[in-house]
Amino acid sequence: MASSAQSGGSSGGPALPTLQRGIVKMVLSGCAIIVRGQPRGGPPPERQINLSNIRAGNLARRAAAGQPDAKDTPDEPWGFPAREFLRKKLIGKEVCFTIEYKNPQGREYGMVYLGKDTSGENIAESLVAEGLACRREGIRANNPEQNRLAECEDQAKMAKKGMWSEGNGSHTIRDLKYTIDNPRHFVDSHHQKPVNAIIEHVRDGSVVRALLLPEYYLVTVMLSGIKCPTFRRELDGPETPEPFAAEAKFFTESRLLQRDVQIILESSHNQNMLGTVLHPNGNITELLLKEGFARCVDWSIAVYTRGAEKLRAAERFAKERKLRIWRDYVAPTANLDQKDKQFVAKVMQVLNADAIVVKLNSGDYKTIHLSSIRPPRLEGESTQDKNKKLRPLYDIPYMFEAREFLRKKLIGKKVNVTVDYIRPASAATETVPAFSERTCATVTIGGINIAEALVSKGLATVIRYRQDDDQRSSHYDELLAAEARAIKNGKGLHSKKEVPIHRVADISGDTQKAKQFLPFLQRAGRSEAVVEYVFSGSRLKLYLPKETCLITFLLAGIECPRGARNLPGLVQEREPFSEEATLFTKELVLQREVEVEVESMDKAGNFIGWLHVDGANLSVSLVEHALSKVHFTAERSSYYKSLLSAEEAAKQKKEKVWAHYEEQPVEEVSPVLEEKERSASYKPVFVTEITDDLHFYVQDVETGTQLEKLMESMRNDIASHPPVEGSYAPRRGEFCIAKFVDEEWYRARVEKVESPDKVHVFYIDYGNREILPSSRLGTLPPTFSTRVLPAQATEYAFAFIQVPQDEDARTDAVDSVVRDIQNTQCLLNVEHMSPGCPHVTLQFADSKGDVGLGLVKEGLVMVEVRKEKQFQKVITEYLNAQESAKSARLNLWRYGDFRADDADEFGYSR
């Protein structure tokens with residue numbers, strides 16, 4: 001084991017004991033130590049040395065398991081102080097020793113000196129001098145060693161040190177506790193504060209036995225977040241170490257065994273504790289990982305309090321260098337070039353809820369699956385109608401919400417993609433369909449991990465892996481933490497509320513339904529829609545959120561190249577540039593929010609009209625890029641001039657569909673485009689109600705006296721002929737009278753009847769809503785109907801501003817408006833018409849200050865940029881105010897320009 005040297009002496013004299021050296025690994029008691037040699041290619045040899053000629057008190061011993069009659073043995077007086085004296089003096093230090101004799105059981109006794117030779121401190125003498133050990137009885141030899149021990153003992157007695165002091169030494173006996181009644185409560189009571197401890201035993205590299213001070217709890221502590229190779233024991237067989245188990249154990253032993261440490265208790269598992277051991281020289285958990293002696297484990301890394309990312313980084317360090325247990329490690333992305341591992345791409349489409357299609361800088365398209373997450377899916381036996389085709393987007397609970405979350409955040413945006421692993425293609429089985437090769441990656445935008453955001457909203461779950469499966473997200477721990485938050489807060493899939501149901505009617509190709517729907521869409525003007533699918537350059541499938549239906553939509557006014565089609569009896573080949581037109585439309589509108597104007601429908605039940613995206617007319621854009629020609633049916637449209645102008649410009653370039661165009665020698669008259677000017681005609685109004693989505697209701701000041709007279713007459717009439725309580729049976733859409741909280745009667749409209757005790761009414765002259773029992777409602781007398789005086793509350797929305805999507809931010813804006821203008825007179829100007837209600841600007845009656853502009857200046861709302869020329873002057877003023885609010889970091893802008901992607905909307909608290 002340790003190096004040895006023969007002590008010199010005269011020839012012919014008695015042989016002196018061999019002087020040997022070693023490092024103290026462990027102190028067993030006040031008179032026994034374990035000494036090890038230097039490691040050479042593995043854990044070193046070790047031997048137990050008992051100090052000869054002295055005796056110290058025995059330490060406590062726990063009763064052997066499986067022997068019901070056995071009892072725990074306590075410390076002998078002064079036994080623990082003796083052990084501590086040696087531990088603090090010797091652990092990790094070099095000593096030299098001589099073996100004086102060996103008893104029949106093979107136990108070795110000898111002299112131990114601190115240092116490299118016998119000139120160092122004699123350990124036995126030091127113990128006796130401190131009164132922590134005594135000479136063994138019956139030893140009466142007369143030699144220098146025995147004489148010195150006798151002198152040391154006499155001095156200790158005279159000074160009343162240690163065991164020679166007054167009393168029986170009972171205060172030195174520890175009250176050792178081997179079990180804890182409530183481990184969970186015990187851990188929580190320490191509030192993750194460091195606890196002083198001594199490591200008494202190392203079972204393997206990541207499991208130790210620790211003595212917690214000062215209460216003397218003897219507990220098993222497993223290092224949180226990691227696992228080292230272990231020693232496996234077969235039934236009645238020897239221990240078999242896993243590869244590097246002995247080396248990992250020695251690594252921990254040589255640094256922690258019988259050292260003073262601090263332990264942060266983080267969780268409990270039966271009687272075992274999960275914790276982090278802190279030594280003045282560092283954190284053993286991170287060191288074991290960095291040296292390749294341990295791997296991260298998912299089940300306990302979640303409780304690690306000092307940053308799971310540090311553990312993953314340390315493990316990565318060892319993997320990259322193929323240290324020890326990672327000697328045969330191959331990275332999941334080892335075969336990829338750096339440019340294929342990490343890149344920036346533009347999101348073109350969201351596929352369900354765990355995959356996106358991105359456009360690379362090269363122009364190629366690539367499908368990316370979000371690493372380690374699983375989208376919503378049908379659990380157990382589906383209640384789906386067997387005769388009805390499953391539509392995953394609408395029929396799987398939370399699938400639509402998850403897709404919409406990704407669509408609103410990502411479509412058209414540039415994202416950072418870091419490939420985590422490539423999942424190879426798999427063949428189909430009886431229960432699992434075949435899968436092609438998948439590229440799985442972490443996708444971030446504005447520093448936010450999209451998968452983590454989705455999981456934190458409860459719109460996806462985290463996949464669990466085998467411990468040795470390295471094909472997982474590089475941010476797996478953050479995903480697990482996000483899922484834990486979502487479960488705790490009952491978000492999405494983890495909510496105990498009823499699952500959202502999406503009853504979406506698909507009227508594509510249903511001529512009968514389309515005919516019924518057509519007049520409604522024609523009257524609606526511009527309707528909001530989402531492009532769900534692009535069949536060709538001019539044929540799309542739209543989802544109308546307000547009407548919750550799917551329609552097939554054909555672009556009006558243009559003739560777009562047709563793609564290949566299989567018709568009965570023949571195959572129609574695609575026309576030139578049909579694929580380019582389809583790709584152009586896809587890139588411009590797929591999964592974008594658009595506005596559509598329906599003009600008519602064809603005999604197949606497809607709607608025909610105009611589609612606008614970001615202020616641009618898609619028909620005009622296709623003509624402009626020489627991917628369509630103007631159709632003669634556009635002549636009666638208001639967009640005809642724009643289409644002709646775009647077509648003329650495309651013809652001049654002689655590209656794509658106009659590549660073979662020959663200009664006709666005809667004199668052309670360029671159309672004069674009229675510019676519409678902004679109309680500013682403010683009228684006085686009285687603001688009566690502000691809604692939660694920042695719409696507001698006003699009364700016309702000019703007709704205010706008429707309303708007052710009508711209300712007075714109506715109340716007098718009701719007072720003379722009060723309605724009989726319970727005689728009125730409310731019906732949806734019917735006008736009635738309703739008794740408000742001020743006990744006065746007002747005109748109202750029934751919006752919904754849940755039950756006789758819950759009737760939703762809308763006060764038509766003031767704009768507020770209320771839920772009342774039918775006993776507080778009555779029939780509206782005909783002399784006070786809306787034919788006599790129309791409903792006086794008119795709904796408007798602010799022009800040129802965007803209401804925040806975040807609920808807290810929206811509430812701040814609404815509260816500000818309520819404070820400023822509710823129940824006050826203002827000046828109103830209609831700026832433009834929109835689906836739902838007119839959009840207006842509102843001015844304070846006294847200062848003529850713009851209310852909407854004030855909200856922008858305070859950073860409570862954002863500016864809605866419009867393309868119309870007549871609004872450019874006012875839009876510029878709004879944008880300048882927005883920049884000032886941004887610079888001052890007011891309200892919405894307190895964390896900078898969040899619009900790239902607001903962390904709050906990704907599931908994090910503001």
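The pair Glu404-Arg407 counts as a salt bridge, with a side-chain nitrogen and a carboxylate oxygen less than 4.0 angstrom apart. A salt bridge links Arg464 and Glu483; the closest N-O separation between the charged side-chain nitrogens and carboxylate oxygens is under 4.0 Å. Using a 4.0 Å cut-off between a side-chain N of Lys or Arg and a carboxylate O of Asp or Glu, Glu743 and Arg776 qualify as a salt bridge. Salt-bridge check for Arg819 with Asp815: failed, with every basic side-chain N at 4.0 Å or more from each acidic carboxylate O.
With rounding to the nearest 0.5 Å, the separation of CD1 in Ile356 from CG in Leu370 is 6.0 Å. In this structure, OG1 in Thr703 is found 6.5 Å from CG in Leu789, a value given to the nearest 0.5 Å. Taken to the nearest 0.5 Å, the CG atom of Leu454 stands 8.5 Å off from the CG atom of Asp354. The NZ atom of Lys857 sits 13.5 Å away from atom CD of Gln882, with the distance rounded to the nearest 0.5 Å. Considering CZ of Arg377 and OG1 of Thr461, their distance stands at 6.5 Å, rounded to 0.5 Å. Between the OG atom in Ser816 and the CG atom in Asn891 there is a gap of 8.5 Å [rounded to 0.5 Å].
In summary, the side chains of Tyr878 and Asp850 do present a donor paired with an acceptor at a separation below 3.5 Å, with no hydrogens or angles considered. Using a 3.5 Å distance cut-off with no hydrogens or angles, the side chains of His760 and Glu754 do pair a donor with an acceptor.
In this structure, Leu780 and Met714 have side chains that are in contact, with non-hydrogen atoms separated by less than 4.5 Å. At least one side-chain heavy atom of Phe844 sits under 4.5 Å from a side-chain heavy atom of Val851. Here the side chains of Val856 and Phe800 are not in contact, with every heavy-atom distance at 4.5 Å or above. Taking 4.5 Å as the limit, every side-chain heavy atom of Arg526 sits out of range of all side-chain heavy atoms of Met833. For the pair Val687/Ile690, a side-chain contact is recorded, criterion being any heavy-atom separation below 4.5 Å from C-beta on. Looking only at side-chain heavy atoms (C-beta outward), Asp602 and Ile608 come within less than 4.5 Å of each other. In this structure, Arg592 and Val531 have side chains that are not in contact, with every pair of non-hydrogen atoms separated by 4.5 Å or more. The side-chain heavy atoms of Thr841 and Tyr682, taken from C-beta on, include a pair separated by under 4.5 Å.
The shortest non-hydrogen separation linking Asn829 to Ser679 is ND2-O, 3.0 Å. Nearest heavy-atom pair across Phe517 and Cys549 is CE2-SG, 3.5 Å. Here the closest non-hydrogen pair linking Ile445 and Lys409 is CD1-O, 4.0 Å. What you find for Glu528 and Pro545 is that their closest heavy atoms are O-CD, 3.5 Å. Considering every non-hydrogen atom in both Tyr728 and Thr779, the closest pair reads CD1-OG1, 3.4 Å. When all heavy atoms are compared, the tightest approach of Met399 to Ala353 is SD-CB, 3.7 Å.
A side chain to side chain contact (heavy atoms under 4.5 Å, CB included) with Ser527 is found for exactly one of Val594, Val596, Leu542, Ile551, namely Val596. Here the options are Ser775, Ser774, Pro730, the test is side chain to side chain contact (heavy atoms under 4.5 Å, CB included), and the partner is Pro756; only Ser774 passes. Among the candidates Phe798, Phe686, Tyr766, the single residue satisfying the ring-ring contact (aromatic ring centres under 6.0 Å, His included) test with Phe696 is Phe798. Under the side chain to side chain contact (heavy atoms under 4.5 Å, CB included) test applied with Pro684, the options Val698, Asp700, Val701 reduce to a single match, Val701.
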- prompt: Please walk me through it: do Tyr763 and Thr688 pass side chain to side chain donor-acceptor pair (under 3.5 Å)?
  reply: CA-CA 11 Å; Tyr763 291 95; Thr688 58; over 6 Å; no

task: Determine, step by step, whether Ser508 and Tyr533 satisfy the side-chain contact (heavy atoms from CB on, under 4.5 Å) criterion, reporting the C-alpha distance in whole Å, the side-chain angles of both residues, the deciding distance to 0.1 Å, and the verdict.
output: CA-CA 12 Å; Ser508 301; Tyr533 192 78; over 6 Å; no

message: Thr691 vs Asp693, test: side chain to side chain donor-acceptor pair (under 3.5 Å). Steps then yes/no.
response: CA-CA 5 Å; Thr691 69; Asp693 55 357; 2.3 Å; yes

message: Test salt bridge (charged side-chain N to carboxylate O under 4.0 Å, His left out) on Arg403 and Glu532; report intermediate values, then the result.
response: CA-CA 11 Å; Arg403 197 291 299 264; Glu532 289 290 355; 2.8 Å; yes

- request: Just do the side chain to side chain donor-acceptor pair (under 3.5 Å) check on His612 and Glu595 with the steps written out, would you?
  value: CA-CA 5 Å; His612 306 270; Glu595 289 183 328; over 6 Å; no

field: From CA spacing to verdict: side-chain contact (heavy atoms from CB on, under 4.5 Å), Val347, Lys413
entry: CA-CA 6 Å; Val347 179; Lys413 307 278 184 67; 5.5 Å; no

- prompt: Between Lys541 and Asp506, does a salt bridge (charged side-chain N to carboxylate O under 4.0 Å, His left out) hold up when you go through it step by step?
  reply: CA-CA 10 Å; Lys541 190 167 211 171; Asp506 190 348; 3.3 Å; yes

- prompt: Is there a side chain to side chain donor-acceptor pair (under 3.5 Å) between Arg747 and Ser785 once you walk through the steps?
  reply: CA-CA 8 Å; Arg747 297 194 302 174; Ser785 71; over 6 Å; no

task: Just do the salt bridge (charged side-chain N to carboxylate O under 4.0 Å, His left out) check on Arg769 and Glu751 with the steps written out, would you?
output: CA-CA 9 Å; Arg769 288 175 166 83; Glu751 291 194 319; 2.9 Å; yes

query: Going through the distances and angles, do Glu864 and Ile801 end up as a side-chain contact (heavy atoms from CB on, under 4.5 Å)?
result: CA-CA 5 Å; Glu864 180 195 36; Ile801 68 168; 5.8 Å; no

message: Go through it in stages, so that I can follow the logic: the residues are Tyr796 and His695, the test is side-chain contact (heavy atoms from CB on, under 4.5 Å), and I'd like the CA-CA distance, side-chain angles, deciding distance and then a yes or no.
response: CA-CA 6 Å; Tyr796 294 103; His695 286 205; over 6 Å; no

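Between the side chain of Gln522 and the backbone N or O of Glu599, at least one donor-acceptor pair lies under 3.5 Å. Not a single donor-acceptor pair under 3.5 Å links the side chain of Asp765 to the backbone N or O of Ala791.
Residue pairs that meet the salt bridge (charged side-chain N to carboxylate O under 4.0 Å, His left out) test with at least one member in residues 705-723, sequence neighbours left out, are Arg715-Glu744.
Note: Tyr543 and Phe400 meet the aromatic proximity criterion, with ring centroids under 6.0 Å apart. Residues Phe735 and Phe762 place their aromatic rings such that the two centres sit no closer than 6.0 Å. If you look at Phe607 and Phe553, their ring centroids are not closer than 6.0 Å.
Atom CZ of Arg732 is surrounded by 12 or fewer heavy atoms from other residues, nucleotides or ligands within 6.0 Å.
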